[in-house]
Amino acid sequence: MTTPLNSPAQRWLDTPLLSVEHLTMRFGGIVAVDDLSFQVGRGDITALIGPNGAGKTTVFNCLTGFYKPSEGRIVMRHGPGPHDAALAAAHSGGLRHSKDGDSGVFLLERMPDFEIPRQAGVARTFQNIRLFGGMTVLENLLVAQHNGLMVASGYTLGGILGLPGYRRAEKKAIDRAVYWLEQTALLDRADDPAGDLSYGAQRRLEIARAMCTGPKLLCLDEPAAGLNPRESAELNRLIRTIRDEHGTSVLLIEHDMGVVMEISDHVVVLDYGVKIADGSAETVRNDPKVIAAYLGVEDEAEAEDIVEGVAS
Amino acid sequence: MATASNIRPGPTRAASLEQGAFVWSVALADAAKAAALAGILGFFFIGMKTDIAGDGLVLSYRWAALGHAVLIVFLGRLLLDALLGKAAPVTTQMLTAGIFIAGIAGIMTQDATGGSLPARALVGAVLGGLIVAVLYGVALWRRRPAPARAEATRQARFAIPIGIALVLLALTLPFLITTFLPGQQRQFIDLAILILTYVMLGWGLNIVVGLAGLLDLGYVAFYAVGAYSFALLSTCFPFIGFWSALPLAGMLAGMWGLVLGFPVLRLRGDYLAIVTLAFGEIIRVVLLNWVDFTNGPNGISGVPKPTFFGLEFSRGEGGFADFFGLEFSTIHRFIYLYYIILALAFLTNFVTLRLRKLPIGRAWEALREDEIACRALGINTTNTKLTAFGIGAMFGGLAGAFFATRQGFVSPESFTFMESAIILAIVVLGGLGSQMGVVIAATVMIGGIEMLRHISFVGQIFPGVDPVQYRMIIFGLAMVAIMIWKPRGFISRRNPSAVLKERKSIGADLVSQGEGH
């Protein structure tokens with residue numbers, strides 16, 4: 001609560017991977033997200049929380065190009081540093097992105113949805129699971145590697161002729177899929193249709209599928225919804241592995257405070273489309289505004305007790 | 001006798017019907033009611049007929065046909081009651097089936113027996129008894145305990161041998177026909193060519209509808225583009241033969257697929273279906289009205305026949321038969337046409353099977369499953385849909401070019417919506433995405449329609465009725481029946497495109513059907 005500003009712990013201010021700047025999303029007369037600004041730190045696990053209808057999924061849909069924001073800018077940065085010069089040039093030059101080797105800036109609000117995972121390296125999962133139910137688990141993970149395989153198959157021509165380059169690429173793609181199946185404990189279900197998996201396994205598969213696109217930022221929309229405590233604990237471990245061993249930053253929407261408080265480095269709280277708190281898990285947990293928004297009570301002491309109880 | 005097979009005596013009529021128990025008196029009364037209704041309705045539809053006489057129309061009556069219809073309804077209703085009533089013992093079911101068949105046989109043998117009632121009854125009884133015996137045997141055989149999980153494994157185990165057998169059959173078919181059916185060889189090879197054309201069209205449309213899940217009701221447009229491309233190219237530029245025009249026709253049709261696809265593919269579901277339907281009609285109407293270019297309703301005739309490495313299938317010097325020292329026969333050309341369409345169909349199948357295992361094919365199937373998830377994985381769905389549309393259209397165009405060279409004549413009449421509907425029906429009945437299903441459905445549908453032309457016994461049951469006139473009704477009823485028993489088509493299981501350890505086919509209930517289904 002008394003953390004000084006710009007302390008080394010606050011990576012989201014020092015090395016932002018993603019900046020959401022003055023994001024506003026209107027649907028007709030309804031303002032779902034109102035002038036929202038926050039940053040996601042490189043290597044952080046960031047949680048976006050808030051009561052139902054606060055606009056969290058709308059923010060996700062703006063990030064991943066499914067909605068075009070009414071106003072505001074969303075910047076994704078590859079490579080260390082804020083890239084201010086490149087960003088200013090791209091912004092004023094009307095570019096969607098500017099890349100220089102491994103580093104680059106991407107103005108997500110200008111990019112079509114399918115370019116965002118491909119170019120900017122932002123992958124997502126869905127609140128209501130969206131797997132390819134009639135395809136096997138392995139096929140789901142191969143579809144996620146579509147763009148790389150497409151190039152390897154010579155945009156299909158080489159693949160039809162059966163050139164060896166494609167076969168090697170496919171072998172590699174299967175290896176990658178197998179790696180993620182091991183990480184998500186789904187390896188023995190590889191040849192089963194995705195629609196046959198249990199709910200928890202489908203959630204894990206969706207994360208594995210998103211990771212197969214090789215993202216820099218993984219956006220998880222309520223990954224712990226409908227999971228039992230043991231599955232939640234496994235999920236926490238999986239998210240940590242993704243961050244620690246693959247350098248993929250994670251942005252997640254979650255209602256399960258156990259998950260949020262345990263793994264988040266940084267929590268952003270929304271209510272009615274407005275940011276009401278932003279900081280470390282500890283800071284946010286004790287914020288009276290957050291307590292009021294979640295519990296709708298005036299008595300702070302009582303509310304605090306309840307939140308602590310939920311969190312522990 | 002009537003109450004002998006009634007096991008549970010005493011239930012009231014209503015209760016017995018509810019429980020599905022079979023009571024002879026109830027069933028007979030029910031059948032009589034149905035027969036009376038058939039008599040009243042049939043009096044106008046079957047019993048009366050207007051003929052053209054010298055001085056106008058005269059009304060004539062067909063009492064025999066009406067009588068037969070009433071008898072069939074009576075026996076059929078009895079049979080239905082016995083079969084659908086769960087409590088009816090097998091013997092009762094067999095007995096009613098026997099009576100039904102005896103009745104039909106009695107009617108059919110009217111001519112053979114000189115029309116005398118006892119003779120017809122005798123023939124009917126013998127035939128009915130024979131068939132009951134067969135049915136009883138089948139029923140006993142089917143009661144054996146079935147092995148667990150039989151269907152899926154049996155399908156998987158026999159898939160490859162059956163496939164090889166079918167390929168061998170397809171490769172040797174013309175020679176089998178010329179050997180075993182020398183009198184009707186031309187007719188049967190023609191039918192085989194027709195079926196193969198529809199198999200190829202079905203496989204082409206399967207890419208669009210079965211794999212990518214885009215409901216296309218105007219597929220015939222690309223068939224037309226291919227046919228007209230070849231017809232126009234070969235008649236305007238005589239040096240262009242079939243083999244050089246074939247790829248051009250395919251490319252032109254593919255290009256039109258992209259051109260039409262681009263504006264259309266933003267739409268989804270029902271809207272997509274309606275607009276493709278409209279495009280199919282627009283192409284036909286343009287062909288009909290652009291007289292300067294397409295010769296309008298008169299069509300284009302004199303489309304050249306395909307040559308065998310420059311050899312024409314003509315009589316005399318320099319022809320195919322002459323070059324190989326064979327005796328000239330028109331059947332050579334039909335056999336050659338058969339092998340051309342067989343090769344084209346195999347090409348379609350090979351490319352489709354190959355594409356399914358490539359990223360593009362997987363993206364099509366993923367698109368059918370969930371378009372939004374595809375976009376979230378970085379797949380450009382517009383391009384992916386366009387490739388499906390374009391490749392499907394290309395195969396339609398190749399089939400069209402073949403159609404033009406086979407007929408030697410093209411006109412807009414050949415490319416009506418009915419054609420689109422038949423091709424789509426083949427894909428849907430066969431099972432979306434299933435290559436083998438398309439073959440089965442095309443054979444059953446196209447072959448079946450042709451076979452209906454040759455069923456003369458209907459004319460014996462209903463004197464004065466031409467079965468050819470009713471083939472679309474029979475066809476429609478068959479489709480309804482298939483959709484009731486096999487709602488996802490003949491082959492509805494999906495084969496995965498990539499396997500890690502064990503190949504397991506995926507049940508139809510999990511596979512989604514894409515947009516507009």
Side-chain angles (χ1 to χ4, degrees), chain A residues 64-66 112-119 123-126 129-153 155-156 158-162 166 169-170 173-174 177-178 181 187-188 190-196 206 209-210 212-213 219, chain B residues 210-211 213 347 350-385 387-388 390-391 432-433 488 492-514:
Chain A
T64 48
F66 285 93
D113 49 7
F114 64 90
E115 291 279 1
I116 289 176
R118 182 194 288 187
Q119 303 269 5
R124 74 170 291 181
T125 65
F126 293 87
I129 304 170
R130 284 185 172 274
L131 288 169
F132 306 124
M135 303 174 84
T136 65
V137 169
L138 178 67
E139 284 181 302
N140 268 273
L141 299 188
L142 290 178
V143 170
Q145 303 177 52
H146 176 80
N147 289 316
L149 285 172
M150 219 37 203
V151 175
S153 71
Y155 295 94
T156 303
I160 285 192
L161 300 174
Y166 171 68
E170 194 182 33
I174 290 178
V178 166
L181 289 176
L187 190 56
D188 50 343
D191 293 321
D192 288 329
D196 261 356
E206 216 188 5
R209 190 179 67 179
C212 275
T213 64
C219 300
Chain B
L211 293 183
L347 175 77
F350 171 78
V351 171
T352 310
L353 289 182
R354 207 69 199 240
L355 287 174
R356 264 202 77 204
K357 296 194 189 306
L358 286 172
I360 185 74
R362 264 185 226 121
W364 288 339
E365 294 202 75
L367 201 64
R368 181 191 65 200
E369 298 283 329
D370 192 329
E371 185 175 346
I372 289 179
C374 280
R375 300 170 83 84
L377 295 173
I379 295 173
N380 185 340
T381 48
T382 310
N383 285 359
T384 308
K385 285 179 182 178
T387 49
I391 292 175
L432 291 173
R488 290 294 195 104
S492 51
R493 298 186 75 82
R494 179 182 172 270
N495 225 353
S497 67
V499 179
L500 197 63
K501 291 190 195 95
E502 185 197 353
R503 181 172 291 277
K504 300 174 189 165
S505 69
I506 298 167
D509 48 330
L510 291 172
V511 182
S512 74
Q513 294 176 310

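A note on names: the letters A, B, ... follow the listed sequences, proteins ahead of strands, and every chain is numbered from 1.
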Margin query: Can you give me the closest heavy-atom contact between B/Leu500 and A/Ala190, atom names plus distance?
Written below: CD2-CB, 3.6 Å

Note to self: I need the minimum non-hydrogen distance between B/Glu369 and A/Gly133, along with the two atoms involved.
What the structure shows: OE1-N, 3.4 Å

Check: If you tally heavy-atom pairs under 4.5 Å against chain A, which of B/Ile379, B/Leu355, B/Thr382, B/Val511 wins?
Finding: B/Ile379

Margin query: Tell me which of these, A/Gly195, A/Ala123, A/Pro193, has more heavy-atom pairs under 4.5 Å with chain B than the rest.
Written below: A/Pro193

Next item on the list: Among B/Ala366, B/Pro496, B/Ala498, single out the residue with the greatest number of heavy-atom pairs under 4.5 Å to chain A.
Entry: B/Ala366

Next item on the list: Mind ranking B/Lys357, B/Lys504, B/Arg375 by heavy-atom pairs under 4.5 Å with chain A and telling me who comes out on top?
Entry: B/Arg375

Margin query: Ignoring hydrogens, what is the shortest heavy-atom contact between B/Ala376 and A/Pro117? Give both atom names and the distance.
Written below: O-CG, 3.3 Å

Next item on the list: Please report the shortest heavy-atom distance between A/Phe126 and B/Ala373, naming the atom on each side.
Entry: CE1-CA, 4.2 Å

Margin query: Contact between A/Phe66 and B/Ile372 at the side-chain level, heavy atoms closer than 4.5 Å - yes or no?
Written below: yes

Next item on the list: Using the salt bridge (Lys or Arg N to Asp or Glu O under 4.0 Å) rule, collect all pairs that involve residues 130-147 of chain A, keeping only residues at least two apart or in two chains.
Entry: A/Arg130-B/Asp370, A/Glu139-B/Arg494

Check: Do you know which of A/Glu115, A/Arg118, A/Met150, A/His146 makes side-chain contact (heavy atoms from CB on, under 4.5 Å) with B/Asn380?
Finding: A/Arg118

Note to self: I need the residue from A/Asp188, A/Val143, A/Thr213 with the largest number of non-hydrogen atom pairs under 4.5 Å to chain B.
What the structure shows: A/Val143

Next item on the list: For the residue pair B/Ile506 and A/Thr136, establish whether any side-chain heavy-atom pair is separated by less than 4.5 Å.
Entry: yes

Checklist line | A/Val178, part contacting chain B, at a heavy-atom distance under 4.5 Å | finding: side chain

Note to self: Would the distance check show the side chain of A/Asp191 and the main-chain N or O of B/Lys501 forming a donor-acceptor pair, the cut-off being under 3.5 Å?
What the structure shows: yes

Check: Looking at A/Arg124, A/Gln145, A/Gln119, A/Met135, which has the largest count of heavy-atom pairs under 4.5 Å with chain B?
Finding: A/Met135

Check: How many angstroms lie between atom CG of A/Leu149 and atom CD1 of B/Ile360, to the nearest 0.5 angstrom?
Finding: 11.5 Å

Next item on the list: Would you mind checking which part of A/Glu170 comes under 4.5 Å of any heavy atom in chain B, side chain (CB onward), backbone (N, CA, C, O), both or neither?
Entry: side chain

Next item on the list: Using a 4.5 Å cut-off on heavy atoms from C-beta on, say whether the side chain of A/Phe114 contacts that of B/Cys374.
Entry: no

Margin query: Counting only non-hydrogen atoms closer than 4.5 Å, does A/Asp113 touch chain B with its backbone (N, CA, C, O), its side chain (CB onward), both, or neither?
Written below: both

